[in-house]
Amino acid sequence: ANPGDSQAGDTLTIGSMTIEENLPVLVAQQNGYFAEQNLEVKLLTFQSPVELQSAFQTGQLDGMITDIMIAALLKSSGEDLRVASIALGATPEEGRFAIIASPASTVKSVADLKGKSIGISNNSIIEYVTDKLLLAGGVNPGEVNKTTVAKLPLRVEMLLSNQIDAIVVPDPQISYVVSQGAKIIAEDSQGENLSQSVTIVGKKTLNEKQDALQRFYQAYTKGVQAINASPDQYKELLVKNVNIPESIAASYQVQHYSEPQLPEEKDVNKVLEWLQEKGLLKNPVDYESFVQSGLY
Amino acid sequence: MPLKSLTSKVYTTLITVLLIGLAWQILSMLLETTAFPPPWEALQSFGELFFSELMPHLQVSLYRVGISLMVAALLGIPLGLFLGKNKRADAWSAPFLYLTFPVPKVVFLPIFLILLGIGDVSKIVMITLIVFYQIVVTTRDAARNVQHEYVLSVESLRASTLELYRHVYFPACLPSILTSLKLGLGTAMAILFLVETYATQEGIGYFIMNSWSSLAYDKMFAGIIAMGLMGFLIYLLLDTCEKFFCSWVNP
Amino acid sequence: MPLKSLTSKVYTTLITVLLIGLAWQILSMLLETTAFPPPWEALQSFGELFFSELMPHLQVSLYRVGISLMVAALLGIPLGLFLGKNKRADAWSAPFLYLTFPVPKVVFLPIFLILLGIGDVSKIVMITLIVFYQIVVTTRDAARNVQHEYVLSVESLRASTLELYRHVYFPACLPSILTSLKLGLGTAMAILFLVETYATQEGIGYFIMNSWSSLAYDKMFAGIIAMGLMGFLIYLLLDTCEKFFCSWVNP
Amino acid sequence: MKNYLTIESLNVVYAQNGQLTPALKDVSLTLPQGQIGAIIGPSGCGKSTLLNVVAGLNKNYQGKVLLKGAPPQANNEVALILQEYGLLPWKTVWDNVRLGLQIKGIAGTQAAQRTEEILKQLGLLHLRKRFPIQLSGGQRQRVAIARSMVLHPELLLMDEPFSSLDALTREEMQDLVLKVWQETGLTILIITHNIEEAVFLGQKIFVMSPCPGIITQEINNPLAGDYEARGKMEFLEVCNALRLSLRGRCQACL
Amino acid sequence: MKNYLTIESLNVVYAQNGQLTPALKDVSLTLPQGQIGAIIGPSGCGKSTLLNVVAGLNKNYQGKVLLKGAPPQANNEVALILQEYGLLPWKTVWDNVRLGLQIKGIAGTQAAQRTEEILKQLGLLHLRKRFPIQLSGGQRQRVAIARSMVLHPELLLMDEPFSSLDALTREEMQDLVLKVWQETGLTILIITHNIEEAVFLGQKIFVMSPCPGIITQEINNPLAGDYEARGKMEFLEVCNALRLSLRGRCQACL
Ligand SMILES: Nc1ncnc2c1ncn2[C@@H]1O[C@H](COP(=O)(O)OP(=O)(O)OP(=O)(O)O)[C@@H](O)[C@H]1O
Ligand SMILES: Nc1ncnc2c1ncn2[C@@H]1O[C@H](COP(=O)(O)OP(=O)(O)OP(=O)(O)O)[C@@H](O)[C@H]1O
Ligand SMILES: [Mg+2]
Ligand SMILES: [Mg+2]
């Protein structure tokens, strides 16, 4: 598309998984906030992160909602992208992750996890949060038996059938397994802000559709405000579009969303450090060229 | 005769369905997990959802699978026959097939996305590619084994190469080709889980995966029932083809 | 003669590898994405990683695939022959096969996990189950089509049922069985991506998916090369079996 | 002499695509132990069908068929030469011939010896490593003969066993069969289209007629097995009588 | 008369599993247009091999083989009856017979008419909807004959075409071939094991001997095609001469 072409700026394709992060976009879509801005936003959902990042990398998407880890990995692998905003996790309470022990296990605290198996998905925010939560509880991540189970429902099922001692999952899975008798051992909603998911955009989109992005964020902000004003009104939308198990849908609370903002440099650096330690960064990434300000 | 065989078919199918249901019930009672609901729960959701939700998803998947099978067959059968007939071409293509066949095509997803976008085309091409390989290998192996006697017999009538394919290789390989279509159908349905997980909210594969992700196991199994039914119908079609076109085999 | 055919095989294989490399190079230049690195980058990582990382992963996968193929063959071939020979049993089992075959076995993963744990057993059983279906269907269809003439010929020698299987059904279906093993191999390798994503840090499927999710595309493609090679070797084995055991087909 | 083979009002009907083709109608015959019976009749009159029933391959018949008083399947001492040879394409000549012995439980050197002997007698030993597809038509037919002769059966059923052989080899084979018959006293039922062969071998000659197959005549032939008789007037007379009897077949069916 | 078929020093060797089997050695023969040649010789002497070369099916030969001055593959007017019939199991009798016409581009009513006519002549019309497996041996052989006769070829190659037929049907077939030959003046090369048949049909009779196959004798036979001659002394004499000539075969190979 041509930069000068006015039509071109009018469509944005955003990729995401079926996660709670999508709610402001969904609300903006439903309430016509994007239309007000003369903008069409397509939200494409993927079932696994690999496919999502492949679609982004191959230029099929203008932007995507993803972990900060994946953003950094993509950046360091040479992809020209910028973090435009935090999608969820501006405050510790937002975007909760937790270590949860199986109903039958004897694990009561993080210290009990030594030598036990924890189901995670590796090289992801899940693993990062796991490491940090373990360290905070005084356990060296090397002392537990990290077991990769990429598929979320599988992880849940393995926990509930006591195949594994503990798992790390986000919401709504936390609420679900707790409702099934599992116990939260540690979570990241207090203390240090660990988990952040972000919205990233490609450099090309930034160059060609900056105007559209600005309008996107105006609508997005209206969406966030609308949710925070009356969370219950949007519960149905959330339940319908995000995989909230039926059994907990009734009692499930729509959480607080923050208006668009950039992640703080210290949080980003902690993540980058961790990635560096794991040897996953091909090229160093620095905060300045990683984030994009001035969109809202 | 055909009526009798039809009734007996319906009869065995019913009994089978009952037996499957029974096994399911027992297993679900033994396992005692939400991940495996008893059959009546699944059936109930199936009944509730069939017209409202399942039908549209099934239609989309049927379209994807149908087109893919057809394209794969249209490309794979001639190529397989050609390779099976021509030793030279076979010798040259074999290393290529052998090197690329075992590589799961999933890994080419990024390439497909770039070349074909994230829409239906890349999905259909993905299914087609995988089924295509199966059809080519099966047809080629069958064509290799066509009795030389029949080839000679038709060659003696001064048949052109095309006529050899038409009157000898194709009919001789037809039973194998139909087998490969049956297998291809199974494979295509399995790949639905792969290709209906990106950039779509339609299709029975999406429906099942989505139900799974939201831990709605009754819906998930309703989807599985629907999938089984859809496969069953295509299977019946292929079987009828076999009865009709291969009536010469031990008639 | 065998020496000559060996050299020509090596020769065509080399040329094929070069051609694949060339196509790869051109495609990667055209696509210009990090998701599809040029072949020499992949080859370089392949060389670097082969002994240190790839070999152990390959061994694990080879073990899983090998055991699965063997078990599936040991169970599937006799069952397929039995169903192909006995019209009655076939008529009774057909609805069961037709209803369950098209249901992708992935959806039973949770059940497998509960029943068999998260270790190697559930992985191997999963691969086995899927390949088993393919072998049963192929073998059954082949056995159905065995020329009645051969059966009569051996029956006239007062052969027991077992001897009929041994001297007629099995050898007559062997070419089809080997084809189904080839297909089964391809399927088994594809399922590696499914079963090596849980509770394991070993296996070439894990290696590739892990490289993919950490965006190490050169490693990922090194893994793909290794996978291709592994498949190629098993293929060669099956092909040699075919040459050896089916030398009677158009000799 | 006891009857080895007894057939009483045998009826066979082929069912195909819902259509019924009667192949044999009300056929009765007996063959005493140690005798040679010859069946002769026009193409398609049901000779092979009859033999298949006696061999126990076709169980779909009405009527009574007894071998030594028992149904055909129960008899273990029958050998059959099929019209289309029935060689297994995946076995070499050697393995094809040895197969029957293997199934009878005879193995090792004894089996090898018998196989080698019969192959030598039929001039096939140098072909033992070939597959059937690599043989000429006559060679295949001889392998089929070897395959049943090696079994030393009590009842030998032969369906046009010499049709693809040249006149000389055919005579040699006839002599061989006769020699074996004289030595072991087995019972033989042979289908042939060759009138001289029928008269030379058949002590009882059954003439069949089609639509559906029935036995129109049964000739007792004292000349059978007499090498001297072959050229004589008497022999030619029987041949002519047989030829005449064959001419009187039902014309309606062709 | 021009030669329709010319063969000069033809050699054929089969290669199998690295082993070489010479099948024909230095075979030369000619057959003038409009004549009937008969080939006779012991089993395995290379008769079928020779016919396959002439039919253009075996391209793996040394020597010169010309049909009307052109190589066999170039000739479109040849029809071949294979020893093993060569019927396609997936086609009905009707379709098997019509196939040749279809390939020649003759379709519609003309093809149907010709197919029907030949099937009627061979007494097969009532079997037209059956598959080959549902026929008796002799019926299959007659379908194979119909399949090549329907083509009205210039050169008819027949590999033991009547071996599975009863004596009467055989004579009828011989008469039919002769009638067609007289009417259309086609050239025929027939392989047979029946000495009388060779003498009755073959104007030129080629006697072959095995190991490897060579032509040992070529007999010009003026009696061929003469219905009257069949029973006469002269006829029997030629038969006897031929029988003697056949006896003098190489014993080393069997
Ligand atoms: N495919 C083959 N491979 C090897 N040898 C073969 C092959 N086909 C035929 N032969 C051999 O070549 C020789 C000639 O065979 P051919 O079929 O021409 O004989 P024929 O004269 O037709 O015999 P018959 O009268 O028995 O049909 C035989 O000795 C046979 O064993
Ligand atoms: N499978 C079948 N289905 C239907 N009809 C059949 C089948 N097999 C044989 N027939 C018919 O049954 C009749 C008898 O067949 P059979 O093979 O016994 O004849 P035959 O006497 O052996 O003839 P030939 O001398 O030609 O071998 C024939 O008319 C044939 O067409
Ligand atoms: Mg018969
Ligand atoms: Mg021959």
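Keep in mind it's a predicted model, so treat the numbers as computed, not measured. Just so it is clear: chains get the letters A, B, ... in the order the sequence lines come, proteins before strands, and each one is counted from 1.
- In this structure the side chain of E:Arg130 reaches within 4.5 angstrom of the side chain of D:Thr21, judged on heavy atoms.
- In this structure, chain D has a heavy atom under 4.5 Å from the side chain of E:Glu171, while its backbone stays farther away.
- Atom NZ of E:Lys25 has 12 or fewer heavy atoms from other residues, nucleotides or ligands within 6.0 Å.
- Going from atom CD of E:Glu84 over to atom CZ of D:Arg140 covers 4.5 Å, rounded to the nearest 0.5 Å.
- Atom CD of E:Glu218 has more than 12 neighbouring heavy atoms from other residues, nucleotides or ligands inside a 6.0 Å radius.
- Distance check: D:Leu165 CG to E:Glu160 CD gives 8.5 Å after rounding to the nearest 0.5 Å.
- Counting only heavy atoms from C-beta outward, the side chains of E:Ser164 and D:Ser43 never approach each other to under 4.5 Å.
- Here E:Asn194 contributes atom CG and D:Ser163 contributes atom OG; the two are 12.0 Å apart, rounded to the nearest 0.5 Å.
- Taking CG from D:Asp166 and CD1 from E:Ile191, the interatomic distance works out to 12.5 Å, rounded to the nearest 0.5 Å.
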